[in-house]
Every structure is written in structure tokens, then in C-alpha cells.
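First the structure, in the form of C-alpha cells, and then the observations on it.
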Amino acid sequence: MSAKRTILIGLAGQQNSGKSTIFNMLTGASQHIANYPGVTVDKKVGYYRDSTGRVEVVDLPGTYSLTSYSLEERVARDFLRSEKPDAIVNVVDSSQLKRSLYLTFQLLEMGLPVVLACNMVDVAEAHGQKLDVNMLASTLGIPVVATVGRRGTGKAELREAIRARASLSAEAEQPRTVVAYEALEPYIAAIEKRVAEAPGLDLLVPSRWLALKLLEEDAEATRLLEENHPDAPAVRKLVRTMTESFESEMNISPADHIVTCRDALAAQVVAACVQQELRGRATFSEKLDRIVLNRALAPFVLVASVYLIYELSIVQGYELTKYTWPALAWFRDVVASVLPAPGLVEDPMLRSLVLWMVDSANTLLNYVPIFFILFALIAALEDSGYMARIAFILDRIFHSFGLHGQSTLPFILGGVFAGGCAVPGVMATKGIPDERSRLATILTVPFMNCLAKVPLYTLLVNIYFAAHKSWAMLFISTITILMALIIAKFLTSVVLRGKETAPFVMEMPTYHLPTIMSMLRRAFDRTWQYIKKVGTIVIAVAVCVYVLLQFPGVPAERMDAYELRMDEALAEFRADVAAALGETPYDAIIQGERLEELVVVYDSYRSAKLGGGSGVDETFEQTYPEYYPLISRGDDDASKQINRQLRGLSNTRKSIRREIRSEQIEHSFFGRLGRSLEPVTQFAGFDWKVNIALISSFAARESSVATLGAIFQEGADEGATLEQRMAAEGEQEGRTPLGALALIVFFALYPPCLATTIMVRVQTGSYKWMLFSILFPTALGLTVASAIYTGGNLLGLSGIQAMAGFYGLALVTAIGLAFVPDPAWKAPHTTYVEQS
């Protein structure tokens, strides 16, 4: 018996087998999520204690087999092969036992100490299936435990079986000849004999298992052979010879023969161990699928489901930010209170830098309520079994463009309906199993109409397409979808052509009622993972953006001019107060240098009042007792009149600071970049002002309009709206609807914002794809915008004519590309597994 007190076990199983509920049942709250080294696949780790000691549990990715087609399969197989766990709990869906045994056979062939957890026996019984656990254990020669994970049924028995199996693991578990491959056996034996000649290779993997994998033409098995066998070329030649000989003799490939034998044995095991009652009676899942997957009703059910997710996560989740944002703002105030005080016209660098970083982090943390609801709803969809149905319904359409059925949800969250957000959209790509489709979805989700793009669209439509508002908004809402499909086709056919396109088995799992605890736990895990990852990356990126927008700064002579204007405003204020009131009790403040501090405190007080915080008056009265009567309009006439004068002085200060900010942008590295880009962007109709607005919007889409507001200042003092100011200046500078259309299309194809870019890095685990997500849309958007603007001018088109022409061209292109063969179509197609 093993004397080990601490043991390591792995949970293996197919998707939707209830593996996560078994993991939660075993470990309770003692778990955390990490990533496997070098990949973005989640690694759930937990532990529990039994009467002997500590048991560490690793929840492996859900997989149908142990081939090397998908990332999840390779991660699971590498763990089993390299970590040498003391026991493997193979979780199977009792109601789908035949299909689940396929993985069980492979685990046994690897010589692993397996414990079989027959989960969801209650569902199987509801389907009229009576499982003979003892017969199954006897047939397979391994411990078998019946469980219902969501109820905790079988928990003690499973823990006991795990400890007992792990105690036997020291006796060198031998691979079992579970499946008899009949006519293939002589070929297996011949290859196994050559494989066994390599010294030490049998310590890495069983020789028979490696021989089987070589006959299946498994790439990882071939690599393992080449790295560890001294005569690998000769073995590979033998495998080719054996394969050709078997195919010639049996008229079937070894790989297909292996699958056939495993399937036949699984059927025999089920026939011996499962008694089927109520045969021929439709199950609840089958009845519900008649509605959910009905050709006529399925689209309506899908739209209703997606709308509900959208409404609850994006709309209602955003409502929750009304409660979280004050908390984040309070945190900002706390940080600001310990930083150097703000200056009259310019803040100390330490203060502005730290607050910039806090603001950047707050912007991202403000999405937490949305994410938590979104992840909980996604968990509900996954647990219920409807997520697989969504993928089934739309997979054939998206498949034509190299995408995946599960790309639907990310696109909708990203803003198919104007008002979404690319950040949760990119986060929602996590569940897409096909790497090529997942990358294509990540790179095209930012083209959707996120909420932050809407202000600029609205601004431009109101100025240049006021007579065609409805058509213009319809164009914006749908052109992004067409462009996303076109670009996805290009990416998957060219850029991502070599990426993994594993044969994906789309399972139709039995419907289950999700448990609240499971939804909350998974939502919390994924949200916490987001907070940790974003919290580390955002600091570095925020500092880089700050430097590029702040330096080299406003020239010294210009700053001197602003300082002089502020001094003149202060002097004028003092003179006006003296002329109006004569001598006042507050002269010691307003006639001396303390006036500057008074103005700063006055603005802080007004900002705090606008923020709606409670106890603002008490705080300022205690902190600034001398200033408080002036900033809060005290009871005496002098303080009231000085308060009114302070408002004007405050406005002057804000105006000067806004001008400094505007000039700072213009002289910053970003600003200089804007001017330097004019020779290129002029073909799209963009001048340096538009360039700066677009560059600044990289930090946040809303910045585009805010920057334009700062740049187009002429008329602001007269109360003119930004639309009126831009229209007036635009007319003088020759701006046209055609240029506005080019800007709209460029903005639709614009690189993702800073937060989304960070999420691209998080989801892809690669800075290379993060940079690609910035550079590719920039080049593409500029090319398309230049074609619209320059081409439209050459053809003499108006803005609305160019809009109609471009839309028609995009629509025809998308329809045509749907019929272009996908390079991956040569690989095995998607398999739809029906319920048995």
C-alpha cells in the first residue's frame, strides 16, 4: 500500500458530463483558476482532505478523446503523461454511457489508474435506464461509483475509491488490453515490438498505446517517437508499410478500424450493464428540442434568448454601475487626497500620472457587474445544454465564413445591436473550441457597434446626413456585420490558414436545470480572473498612453502666457470684489496668495457636490473652515457675492486648463503623429484634428467626441453645440458628407480600444495578436476610407450615393465569399452527435 498522504488526481471527461459539478462536489470552496503553462486554457485546481491526508484535484479540459487535434486534448493528454497523477477520475454521463466509454477505453490503454464516476444516474433513470454499477466495474476491471454531482450523491464513496486506487498506483499500473482490435492486432504487435526497442521510452508512454497512436497517424505520437527512438525513421517506415498493408487487406484505414472496434465494445458493455426500460418513449430533452431546434421556431427562440442575455448583462448590468461607480469614485478621491494638491493651471506630474492610472483601472473595473452577470448567464446556458444548441443552429451559416456557431454570442455582446461592448464580446469567445474560429471572432468582434462608438456616429449623422438619418443608421448597423463576415473569411483563408481546425464534435447534451451555486461560482471565478489579469496589464499600457499624450508638453513660452492670463484673472477678481464690496472680512484670503488655493478648493467642492456624495458639506467645513463660507455661499452678503465672483474665476480657470490640455494634445507625441499622418490620411479626408481625435479614441472610444469638443472651440462660449461648431468650421475648411462617410467607415473598422486590446492580449495570450488587432484594422480601415473618399470625389458622388454604392458592393462580396471553399473543408467536418 502507498504511504503517500498527499496525492494528485485528475478529473477527465467529455464536455457536458458534469465534470465541473463533480469537481465542485469534491473540493467545495477550496479551488482556484490558473492557466496551463504557455496556453490560455483554464486550469482549475482544488483540494480536499480525507482521513489519510490531502488530495489535490486538477479539473482537466473537457475532451472526447486523447488525440492531438485540439488544444484541449493536447493539454489533457500532456497532463496525464507528464504529471503522472496518482489516480484519474473519469466522469461519464450515465445517460450517454456508450459515447462516454470511448474516452474511458483510451485512459485505460494509457495504463492510468482510473476510477469511473457514473454521473447523472438520476437523469439516466428518468430516461428509463437502469445501470448495473457492479457489472460495469467487473467488466472494465476498475472501481465504478454512481454519482449525482449537483446533489452531492456518491461523494463519500468516490473519495474512498480515489484514495484506494491511488494507494495501488505505486505498483506500476499496467496498460490494459481493453479493446481487442482483431485483424489489426498483428500489426499493433509488430509496431509495439519495434517501439519497445527504444530504451526508456516505455517509461514515458506504454508501447502498445504508442503503437496505436502511430497507426492513427497522431502528430504528437510521431513527435514523441522522433525525440526518443534512436531508429525513428525505420519505425515510421514500418508504420507506413503496416498501414498500407492493412488498408489493402481490409479496405479500411487503421484509424477507422480502431474507432469501429471501440464503438462495438462500448455497445457490448452498455448492452450488458444497462437495462433499458420505457423504450421508445420520448425524453424531456427530445420533446424540448422539437421546439428549440424546430426550423421555424429555432430562430425566434434564439433571438429571444440572446435578447434576454443582452438585456440582463449589458442593460441591467450597466444599471448596476450606478452603484459600483460611486465606490470606484470614492476610491479615486481617497487616492487623490494623499497625492500632491492640484495646481491652479497645471497639476503636479505625480498626481496626474497616478490619477490617470486609477482612472484607467476604474474604467475597466466598472465593467465588473456586467461581466459577473454575463458569466453567470453563460454558465447557465452551458449547464442547461442550450449553448450547444445555439452553436448548432448558426454553425452552418458562420461556417461559410470560417467562423463558429458559438461566435454568435460574442458578436451580439460586441454590439450587433448598437450599444454593446467589445470587451465582454472578446471575453465571451472563451468557449469557442476551434482555435482558428476563436481567433477570427476575437479579431472581428471589435467591428461591432459598441456603445462608445455611437456618440461619434450620432454627431456625424446629425451634421452631414440629417435628411437621411434612418438610412444612415441602418447603414451603420448592418455594414459592420457584412464587413465582419468578409474580414473573417479573409483572416481564416489567409492569415489564420495554418491555425488549428480540429474536427469538432458538436454534442446535443441532455437538458439540465443549472444550479445557483454552480452559476455563481463560475461567474466569480471568471470575473476574478479578469480583474487579476487586467489589473496587471493595464498599469503598463496606461503609463505608455499617458507618456505619449503628455510629452513633450506645452512649450515654456506658451505656459508662461497661460500663467499670465490666470494672474490677470486673479487680479481682475480682486479688483472687482474690492470695487463692489470694499473692505470685507475675507480680504486676508482673497487679496493674498491664498486666493489660488481658494479657487482650487472651490472647484473640488463643486465637483464633489456634482458627484452626489453624502457628507460633502461636513467634510469641507471641517477641512477648510475659513474657505467654507465662500465656497458654499455663507449667510452674509459678502460671502454670497464673492461666491458668485468665484464662479466666473472658476470658469476662467477651467477654460485655461482646457486650452492647455488641447494644446498639450497637439504638441504631444500623439499630436505630432496626427500632423505627420496628414500626408497619408488626406486621401481619406482626415486632417490633423480628426487624426488626433481618432488616435486619442484608442484609449477609449468616447475620447473621440471629447477631443473633437476640445479642438472645435470656436463658438463654445456662445453656447453653440458641437454639431453647430463642427458644421460651421467644417464648411469653412471644406468638409463634406463624403468625408464624413469615410470617417464613419474608418471608425467602424477602427482598432479596438485600449480595454478591448488588453482583452485581446488576455484571450489570445499573445502580444503578437494584440499588435495585429491594432495594425491590421488601421491599415484596412484607412484603405477602405481612402477608397470611399478619393474614389467618391473622382466619380462625383454625394455622401448618400457613395453610402449606397459601398453597401451594395459589401453585400455582393459577402454573398459571393460564402460560396468560396474554405481551406479547412478538406479536413474532417463538424460532427453532430445526436442523443442516443
Side-chain angles (χ1 to χ4, degrees), residues 8-13 36-39 58 60-61 63-90 102-115 140-142 165-166 168-181 184-240 242-243 254-255 257-259 261-262:
L8 173 66
I9 69 169
L11 285 187
Y36 288 94
V39 297
V58 176
L60 300 174
T63 177
Y64 292 90
S65 68
L66 294 177
T67 60
S68 57
Y69 283 123
S70 72
L71 184 60
E72 285 74 11
E73 289 174 349
R74 287 200 297 272
V75 167
R77 200 171 73 178
D78 288 347
F79 174 85
L80 296 172
R81 191 169 57 81
S82 59
E83 297 294 330
K84 305 292 184 185
D86 297 287
I88 293 296
V89 178
N90 177 207
Y102 192 83
L103 176 63
T104 307
F105 295 154
Q106 295 180 71
L107 292 171
L108 293 173
E109 287 173 340
M110 286 188 74
L112 297 167
V114 178
V115 174
L140 298 176
I142 57 175
R165 195 63 178 170
L168 296 173
S169 62
E171 298 174 3
E173 183 83 15
Q174 294 298 315
R176 306 212 28 227
T177 309
V178 180
V179 184
Y181 294 105
L184 189 63
E185 287 293 344
Y187 299 87
I188 298 173
I191 298 172
E192 182 182 358
K193 182 179 178 182
R194 289 302 310 274
V195 167
E197 293 173 358
L201 183 55
D202 59 334
L203 298 177
L204 297 175
V205 291
S207 300
R208 178 181 171 82
W209 177 83
L210 185 56
L212 278 169
K213 285 297 164 188
L214 290 173
L215 284 169
E216 288 181 307
E217 299 181 6
D218 186 282
E220 284 296 303
T222 303
R223 184 188 62 78
L224 194 64
L225 176 77
E226 291 177 342
E227 291 180 355
N228 297 281
H229 200 291
D231 198 12
V235 179
R236 291 179 58 189
K237 183 178 180 181
L238 174 65
V239 172
R240 284 197 300 272
M242 291 290 176
T243 301
H257 180 76
I258 290 171
V259 172
C261 291
R262 288 172 178 167

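Keep in mind it's a predicted model, so treat the numbers as computed, not measured.
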| D86 (side chain) donor-acceptor with I9 (main chain) under 3.5 angstrom | no

Can you find a pair of side-chain heavy atoms, one from [X] and one from [Y], that are under 4.5 Å apart?
X    : Y    : result
Y187 : T243 : no
E192 : E185 : no
L80  : Q106 : no
V239 : T222 : no
D231 : E197 : no
F79  : P85  : yes

| message | For E220, is there an ion pair with R223 - N to carboxylate O distance below 4.0 angstrom? | response | yes

Looking only at heavy atoms, what is the nearest atom pair of [X] and [Y], with distance?
X    : Y    : result
A232 : L225 : CB-O, 3.8 Å
N228 : A198 : O-CB, 3.8 Å
H229 : V195 : CD2-O, 3.8 Å
R208 : V179 : NH2-O, 3.5 Å
Y181 : R262 : OH-NE, 2.9 Å
L107 : A12  : CD1-CB, 4.3 Å

| query | More than 12 foreign heavy atoms under 6.0 Å from NZ of K193: is that the case here? | reply |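 At most 12 heavy atoms, drawn from other residues, nucleotides or ligands, come within 6.0 Å of this atom.
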
| task | Count the heavy atoms of every other residue, nucleotide or ligand shown that sit under 6.0 Å from CZ of R194, and state whether that count exceeds 12. | result | yes

Hey, what do you get for [atom1] ([X]) to [atom2] ([Y]), rounding to the nearest 0.5 Å?
X    : Y    : atom1 : atom2 : result
K213 : I191 : NZ    : CD1   : 13.5 Å
L8   : K84  : CG    : NZ    : 12.5 Å
H257 : E216 : NE2   : CD    : 11.5 Å
L212 : I258 : CG    : CD1   : 5.0 Å
M110 : I88  : CE    : CD1   : 9.0 Å
L210 : L224 : CG    : CG    : 6.0 Å

